[in-house]
Structures are given as C-alpha cells and as structure tokens.
There are 2 protein chains.
Amino acid sequence: MATAKPTSSKASAAGGDQGQAANLRLTRRDHARETSEDYAEAIAGLIAEKGEARVVDLAKRLGVTHVTVNRTIARMQKAGYVSTQPYRAIFLTEPGRALAQDCKSRHDTVVAFLRSLGISEQAAEKDAEGIEHHVSPETLAAFKAALKPAGRSV
Amino acid sequence: MATAKPTSSKASAAGGDQGQAANLRLTRRDHARETSEDYAEAIAGLIAEKGEARVVDLAKRLGVTHVTVNRTIARMQKAGYVSTQPYRAIFLTEPGRALAQDCKSRHDTVVAFLRSLGISEQAAEKDAEGIEHHVSPETLAAFKAALKPAGRSV
DNA sequence: TTCATAATGTACCATATGCTACATTAGGTT
DNA sequence: AACCTAATGTAGCATATGGTACATTATGAA
Ligand SMILES: [Mn+2]
Ligand SMILES: [Mn+2]
Ligand SMILES: [Mn+2]
Ligand SMILES: [Mn+2]
C-alpha cells in the first residue's frame with residue numbers, strides 16, 4: 001500500500017520523509033560553506049581595516065586558535081578562495097572576494113531586517129551570524145522588500 | 001596605541017574582534033546542539049505518526065544512512081536525551097521530549113513568520129530548517145509579535 | 001650584527017558527522 | 001522448526017573543525 005505512490009501534488013506536505021530529508025541535506029550543505037564564508041568576510045574586513053590579513057588577527061576575530069586558522073586557510077587555498085605563502089599575509093582570490101561580498105551583503109541585510117523588528121543590536125548581530133548562512137535568495141529578497149518601506153506605516 | 005584600551009561603551013561596535021569572536025563562538029555552540037535538536041524533533045514526529053521511532057525511519061527522514069543514525073543515537077543516549085536497547089525502538093527521555101517540543105515550537109514559529117512575509121512553503125520550510133537553530137529568545141519573541149497582528153493591515 | 005619575541009608552521013590528539021562493507025539479529029513465512 | 005529478509009549493529013575509512021605542545025621563522029630592538 002505504501003509502495004508505488006504516485007507523485008503527490010503537495011511535495012513537502014505529502015512527500016513526508018523525502019521532503020524533510022531533502023531540506024536537511026540542503027541545510028548540511030549550507031553548513032559546509034559556512035566556515036569559508038565567515039573566513040572570507042573576516043579576511044576582507046581585516047584588509048579593509050588594517051591593510052592586510054594576518055593569521056593572528058584572523059584567530060582573534062574568529063575566536064579560534066592560530067592553528068585552526070592555518071588549517072582552514074590551507075583548505076580555502078586548495079578550494080581557490082585565498083592565496084598565501086608561508087609567513088606572509090593572506091589574500092583573497094577573485095572567487096574569494098565574491099564570496100566575501102556576497103556574505104557581507106547577506107549579513108548586513110539580515111542584521112538590518114532583525115533591527116527593523118525591534119531586536120537589540122547585540123541579539124541581531126549574534127543571530128545574524130548564524131542565520132546569514134541559511135537565507136535563500138527568496139527569503140533574502142523578502143527581507144529587503146520588508147525593509148524598503150520602513151520609514152512610514154502602511 | 002592599541003594596547004590598554006579602556007572598556008568601550010558600545011561593546012559590539014567598538015569591541016571589534018572581541019564581539020565578533022564571541023558571536024561566532026555562540027553560533028558554533030548553536031551548531032553543536034543542532035543535530036540533537038533535529039533528531040529529537042524527528043523522533044517525536046515518528047512516535048506521533050507511527051507509534052514508535054525505528055532507526056530505518058529516522059535514517060529516511062533525516063537523509064542519512066542508518067549507520068550515522070546509530071552513532072548519533074548512541075551520543076544522544078549518553079547525553080541523556082534518548083533511551084534505547086539493541087534492536088529495539090528509540091524513546092525520548094524527559095529532557096529529550098522537552099528538547100523536541102522546544103525545537104518544534106521554534107520551527108513552527110519560524111516557518112509561520114517566513115510564510116507571513118510571502119515566502120513560498122518550500123523555501124520557508126527549507127530555510128527554517130537552518131534558521132530555527134539560530135533564533136535567540138528575543139528574536140523568536142519578535143517573530144511571534146510580528147505574527148499576532150497578521151490578519152489586518154496596520 | 002645579534003638576539004629576544006611575536007608570528008607562523010607542524011605534529012599529534014580529540015570529537016562530530018558522513019560513508020561503504022560486512023556481521024548479526026528479529027520476525028514473519030513456509 | 002527452518003529459513004529468508006529486513007532491520008540493526010560494527011569495523012574501518014574520510015573530512016571538517018577544535019585544541020595543546022613544540023619547532024621554526026621574521027623582525028624590530030639593542
Ligand atoms: Mn556567520
Ligand atoms: Mn557574518
Ligand atoms: Mn533544523
Ligand atoms: Mn546553521
């Protein structure tokens with residue numbers, strides 16, 4: 001009876017486990033990008049603020065040890081997001097810059113949106129740090145749309 | 001010059017790296033709970049729907065293999081969230097039930113809030129799967145508040 | 001130029017989370 | 001009762017991410 005089920009109309013409602021499993025898979029994929037996104041954003045920020053991004057500064061900003069930064073940077077270099085040489089500063093490649101910009105844009109939008117709901121700056125910044133990696137283009141657009149008419153009441 | 005900086009007034013704005021590092025640490029802590037939360041919610045759902053939660057059903061719903069489910073359940077049992085015996089079904093302990101309820105409540109609120117912004121059911125369910133683990137009590141309250149007066153226009 | 005120190009790198013360890021392949025068990029069928 | 005199959009468990013592998021301890025390098029001060 002539960003064998004050959006015809007493609008149901010409401011995928012996520014009737015699909016049951018399939019839809020839920022797909023969503024969780026996508027969320028896990030988002031998490032896989034999360035580290036690179038936060039690092040790229042931090043590197044871009046350091047370059048903008050101090051002229052260059054050093055391992056120590058990244059470690060301070062990211063709240064991890066320099067060892068963790070080192071290994072992650074190695075992964076990101078292999079992935080083509082950064083370029084660096086032993087004992088030198090860390091640079092973003094073109095894809096890396098794009099990742100950083102995209103992530104910062106999302107970050108700022110999420111923060112602005114939460115703030116517009118009356119959420120405190122502390123909570124908004126903290127929650128955004130996680131939420132920013134889970135907003136689809138559709139949701140991001142909705143956040144931006146909700147922000148536009150923010151000066152007046154409907 | 002950047003050595004002995006007096007405690008700045010606006011912690012997150014002037015605190016610079018310290019605040020950012022703290023936020024990222026909190027987000028990593030959220031991620032550590034994420035797996036248990038999703039599992040607890042899935043177990044509660046299966047018990048409600050089918051009377052019991054079996055490893056195979058969890059694997060299907062979570063989109064992973066039964067091996068991964070097994071190991072995670074072992075961790076959750078050690079943590080006191082579930083109780084199970086070899087070849088038997090999986091039960092939620094009292095803390096496990098609380099975790100499941102709390103998570104489902106958050107999940108539903110996030111989905112409802114996103115839907116209220118005009119986001120599609122598919123996108124709302126998908127994004128909520130990630131966002132649900134990153135909403136502070138303050139943000140959750142704001143979402144609920146924004147939902148209450150949803151029937152009429154302001 | 002030498003040297004002290006901070007920055008960087010490396011070796012090794014731990015946990016969480018995925019997987020495939022194979023072993024074992026439970027439960028219904030014959 | 002014997003057996004087949006699905007469910008469950010286990011061994012072993014991989015990657016990502018976090019750490020401590022120690023080695024090496026770069027750099028400014030003396
Ligand atoms: Mn982040
Ligand atoms: Mn960010
Ligand atoms: Mn989730
Ligand atoms: Mn997340």
Side-chain angles (χ1 to χ4, degrees), chain A residues 2-3 17 21-22 24-40 42-43 46 50-79 81-91 129-130 133, chain B residues 1-3 17 21-40 42-43 46 50-79 81-91 129-130 133:
Chain A
T3 316
D17 295 347
L24 287 164
R25 270 188 237 264
L26 289 173
T27 298
R28 287 196 293 270
R29 189 209 52 187
D30 290 341
H31 282 155
R33 297 177 190 231
E34 180 155 349
T35 302
S36 289
E37 291 190 342
D38 285 335
Y39 271 66
I43 292 168
L46 284 172
K50 325 182 61 165
E52 63 175 10
R54 305 297 308 207
V55 173
V56 186
D57 303 312
L58 272 175
K60 275 192 199 106
R61 178 173 297 214
L62 297 167
V64 296
T65 66
H66 79 276
V67 181
T68 298
V69 170
N70 243 337
R71 203 169 351 82
T72 304
I73 292 299
R75 269 204 306 277
M76 289 180 73
Q77 182 158 36
K78 201 186 254 184
Y81 288 127
V82 305
S83 107
T84 181
Q85 286 176 298
Y87 296 98
R88 306 296 305 279
I90 297 155
F91 300 92
E129 202 50 68
H133 309 282
Chain B
M1 170 231 226
T3 314
D17 294 349
N23 286 338
L24 286 164
R25 270 187 238 264
L26 290 173
T27 298
R28 286 196 292 269
R29 189 209 52 186
D30 290 342
H31 283 156
R33 295 176 191 240
E34 179 155 350
T35 302
S36 289
E37 291 190 341
D38 285 335
Y39 270 67
I43 293 168
L46 283 172
K50 324 182 62 164
E52 63 175 10
R54 306 296 309 207
V55 173
V56 186
D57 302 311
L58 272 175
K60 276 192 198 104
R61 177 174 297 213
L62 297 167
V64 296
T65 65
H66 78 277
V67 181
T68 298
V69 170
N70 243 337
R71 203 166 357 80
T72 304
I73 291 299
R75 270 204 305 276
M76 290 180 72
Q77 182 157 37
K78 201 185 253 183
Y81 288 127
V82 305
S83 107
T84 182
Q85 287 175 298
Y87 295 98
R88 306 296 304 280
I90 298 155
F91 300 92
E129 201 51 67
H133 310 281

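Computed over heavy atoms, backbone and side chain alike; hydrogens, waters and symmetry mates excluded. Each chain gets a letter, A, B and so on, in the order its sequence line appears, and its residues count up from 1. Only a predicted model underlies this, so the values are computations on that prediction, with no experimental measurement involved.
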So, is T68(B) close to the dC19(C) phosphate, meaning a side-chain N or O under 4.0 Å from OP1 or OP2? yes

Using OP1 and OP2 only, check whether a side-chain N or O of T65(B) sits under 4.0 Å from dG18(C). no

Measure the distance from [atom1] on [X] to [atom2] on [N] and round it to the nearest whole Å.
X      : N       : atom1 : atom2 : answer
R29(A) : dG18(C) : CZ    : P     : 15 Å
K60(A) : dA7(C)  : NZ    : C1'   : 10 Å
K78(B) : dA16(C) : NZ    : P     : 8 Å
H31(B) : dG18(C) : NE2   : P     : 12 Å
H66(A) : dA11(C) : NE2   : P     : 13 Å

If the condition is side chain to side chain donor-acceptor pair (under 3.5 Å), which residues does Y39(B) pass it with, not counting sequence neighbours? T72(B)

Are [X] and [Y] side-chain neighbours, meaning at least one heavy-atom pair lies under 4.5 Å?
X      : Y      : value
H66(A) : V56(A) : no
L46(B) : R61(B) : yes
N70(A) : V67(A) : no
I90(A) : R54(A) : no

If you look at every strand shown and take non-hydrogen atoms under 4.0 Å, does [X] touch a base, only sugar-phosphate, or nothing?
X      : answer
R71(B) : base
V67(A) : base
T35(B) : sugar-phosphate
R75(A) : base

Ranking R54(A) and R28(A) by the position along DNA chain C of their nearest nucleotide, the one closer to 5' is R54(A)

Rounded to the nearest 0.5 angstrom, the CG-CD1 distance for L58(A) and I43(A) is 5.0 Å

Run the salt bridge (Lys or Arg N to Asp or Glu O under 4.0 Å) test against E37(B) and tell me which residues pass, sequence neighbours left out. R106(B)

Using the side-chain contact (heavy atoms from CB on, under 4.5 Å) criterion, which residues pair with L26(A)? Sequence neighbours excluded. R29(A), K126(B)

Partner set under side-chain contact (heavy atoms from CB on, under 4.5 Å) for E34(A), not counting sequence neighbours: H31(A), D38(A), H133(A), H134(A), T27(B), H31(B)

Let's see if you get this right: which residues in residues 81-91 of chain A place a heavy atom under 4.0 Å from DNA chain D? Y87(A)

First and last nucleotide of DNA chain D in contact with chain A, 5' to 3', at under 4.0 Å to a heavy atom: what are they? dA16(D) to dA26(D)

